[in-house]
S.K.: 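Dropping a structure here in structure tokens format, bear with me for questions.
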Amino acid sequence: MNIPFLSFSSQNNLVEAEIRAAFDRVFQNKWYILGKEVGDFENAYAAFNKVQHCIGVGNGLDALCIALRVLEVGEGNEVIVPSNTFIATWLAISQVRATIVPVEPNKDTYNLDPRLIEAAITPKTKAIIPVHLYGQACQMDAIMQIAHKHNLFVIEDNAQAQGSIYNNKLTGSFGHVNATSFYPTKNLGAYGDAGALTTNDAGLAQKASLLRNYGSEKKYYNEVIGINSRLDELQAAFLSVKLKYLSGWIDERRKIAATYSQQLAGTSKLILPVTAPGAKHVYHLYVIRTERRDALEKHLNNNGIGTGIHYPVPAHLQKAYGHLGYQKGDFPIAEELAETCLSLPLNPGMSDEEIEYVTKTINKFYA
Ligand SMILES: *Cc1c(COP(=O)(O)O)cnc(C)c1O
């Protein structure tokens with residue numbers, strides 16, 4: 001059997017006719033930038049995420065950068081961020097010239113550990129960026145409490161967790177202003193780059209929509225030094241189609257993950273995903289851990305099963321961050337995760353036979 005790590009086939013089959021119709025609509029309308037499609041998607045996504053405002057932008061990294069800029073986080077400010085995240089979370093802080101303050105995750109949930117956040121706060125701290133890694137919500141009540149106590153801003157990095165829940169509230173609706181990505185592989189993926197900010201603050205929403213469009217509300221009149229990072233009209237039309245299916249796809253992801261966990265439970269050498277109390281997981285990724293990661297990966301690949309590693313090098317050991325002077329050993333949990341994590345194929349439309357083939361192949365490795 002051949003099981004690719006990523007497959008868009010099932011989702012594409014489901015939406016193909018509607019996606020083609022959306023393309024035709026935009027093509028015929030002849031309005032290609034910041035038109036009705038972007039406005040409609042922003043309204044639909046805000047309603048989905050239960051927030052007042054959604055601002056569509058070019059990608060998830062830009063959403064994070066704009067979030068930092070609307071909160072006026074910049075040079076001289078410190079930003080608390082997980083030591084284990086996709087590099088974009090760190091890059092956004094670098095882009096606004098603020099100081100990155102990495103904090104280790106909880107070693108079971110892989111999410112920012114609220115107990116460690118407070119120790120990292122200094123008089124220069126201005127914001128915390130919790131990342132709902134792999135699709136699991138962070139402990140947002142505790143994080144918001146700490147932020148409130150210390151007068152800090154919170155920006156959720158919700159790129160991997162659209163539809164995820166903490167204590168009955170959706171991720172992307174806790175922070176002062178939040179960022180998400182619609183990169184094709186995300187749970188809600190466009191057919192190209194796309195991203196958005198979500199917020200309940202009208203003033204911040206207004207600032208973000210200025211910044212994404214040259215700092216201009218009225219054409220050729222510029223109020224601030226903005227950038228060009230607009231959600232594409234075509235991508236917005238596509239995303240509106242796919243958004244209607246997101247909840248169903250999340251249910252499928254949860255079911256696949258539950259089957260994986262059930263069928264892998266007998267292998268004591270594996271660490272399976274753990275969901276914290278109050279958190280609901282949307283399984284952007286199903287990540288297992290094992291000391292024999294590289295050998296297991298090879299075994300799976302040799303048997304036709306695609307895998308991923310999220311992520312092989314922690315941000316503090318990336319060449320790009322060499323100037324920060326970090327060394328191996330500085331963030332041991334992030335380093336251990338990088339050495340032991342392995343992501344299994346998880347795509348809506350996966351059959352029971354495919355899931356079972358993956359788990360049998362893994363169990364055989366340990367037999
Ligand atoms: C994908 C991702 C981003 C960046 O999104 P892009 O649209 O690729 O720029 C940021 N943070 C996390 C955690 C991500 O997974």
Side-chain angles (χ1 to χ4, degrees), residues 5-6 8 41 45 54-69 79-96 100 102-103 105 109-112 127-138 140 143 154-164 171-172 174-175 177-198 208 211-212 227-232 234-236 238-239 242 250 253 281-287 308-316 318 320-321 334 337-338 341 343 346:
F5 177 65
L6 279 169
F8 296 110
F41 174 70
Y45 192 76
C54 167
I55 302 95
V57 296
N59 56 68
L61 173 56
D62 282 355
L64 285 163
C65 292
I66 291 171
L68 287 162
R69 281 193 61 187
V79 180
I80 290 172
V81 67
S83 55
N84 64 319
T85 180
F86 179 57
I87 195 75
T89 326
W90 283 45
L91 293 177
I93 303 168
S94 302
Q95 207 169 107
V96 301
I100 295 165
V103 167
T109 64
Y110 316 138
N111 274 337
L112 212 46
I128 307 171
I129 310 185
V131 180
H132 308 298
L133 201 70
Y134 307 149
Q136 172 164 206
C138 296
M140 287 312 297
I143 292 173
V154 172
I155 300 167
E156 291 170 73
D157 182 337
N158 199 30
Q160 304 191 355
Q162 295 116 2
S164 202
T171 57
F174 289 88
V177 55
N178 310 304
T180 195
S181 162
F182 306 115
Y183 181 79
T185 62
K186 303 286 153 103
N187 284 15
L188 177 61
Y191 293 94
D193 276 313
L197 295 97
T198 52
L211 276 178
R212 73 166 171 189
I227 58 173
N228 176 358
S229 181
R230 299 172 294 222
L231 173 58
D232 194 89
L234 258 182
Q235 297 303 337
F238 298 156
L239 285 165
K242 293 184 85 176
I250 289 171
R253 287 181 175 277
H281 207 309
V282 293
Y283 292 100
H284 170 59
L285 294 166
Y286 187 92
V287 178
I309 294 177
H310 301 92
Y311 298 91
V313 181
H316 69 282
Q318 293 283 358
Y321 283 111
L337 295 179
C341 68
S343 308
L346 198 168

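For ligands, and for the atoms within them, numbers begin at 1 and follow the listed sequence.
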S.K.: Residues two or more places apart in sequence or in another chain: which of them pass salt bridge (Lys or Arg N to Asp or Glu O under 4.0 Å) with R212?
M.R.: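 E42.
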S.K.: State which residues pass ring-ring contact (aromatic ring centres under 6.0 Å, His included) with Y45; sequence neighbours excluded, sorted by chain then number.
M.R.: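 ring-ring contact (aromatic ring centres under 6.0 Å, His included) check on Y45 returns F41, F48, F182.
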S.K.: H281: which residues meet the ring-ring contact (aromatic ring centres under 6.0 Å, His included) condition with it, sequence neighbours left out?
M.R.: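 Testing H281 for ring-ring contact (aromatic ring centres under 6.0 Å, His included), a comparison that skips the adjacent residues, returns Y283.
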S.K.: Tell me if the centroids of the rings in H310 and F5 come within less than 6.0 Å of each other.
M.R.: yes
S.K.: Assess the side chains of Q162 and T180: does a donor N or O sit below 3.5 Å from an acceptor N or O?
M.R.: yes
S.K.: If you count heavy atoms of other groups shown closer than 6.0 angstrom to OH of Y134, is the number above 12?
M.R.: yes
S.K.: Contacts table for ligand 1: protein N or O within a distance under 3.5 Å of ligand N or O, distances only.
M.R.:
residue: ligand 1; atom: 5 (O); partner: S181; partner atom: OG; Å: 3.2
residue: ligand 1; atom: 7 (O); partner: G60; partner atom: N; Å: 2.7
residue: ligand 1; atom: 7 (O); partner: S181; partner atom: OG; Å: 2.7
residue: ligand 1; atom: 9 (O); partner: G60; partner atom: N; Å: 3.3
residue: ligand 1; atom: 9 (O); partner: L61; partner atom: N; Å: 2.9
residue: ligand 1; atom: 11 (N); partner: D157; partner atom: OD1; Å: 3.3
residue: ligand 1; atom: 11 (N); partner: D157; partner atom: OD2; Å: 2.8
residue: ligand 1; atom: 15 (O); partner: Q160; partner atom: NE2; Å: 2.8
residue: ligand 1; atom: 15 (O); partner: K186; partner atom: NZ; Å: 3.0

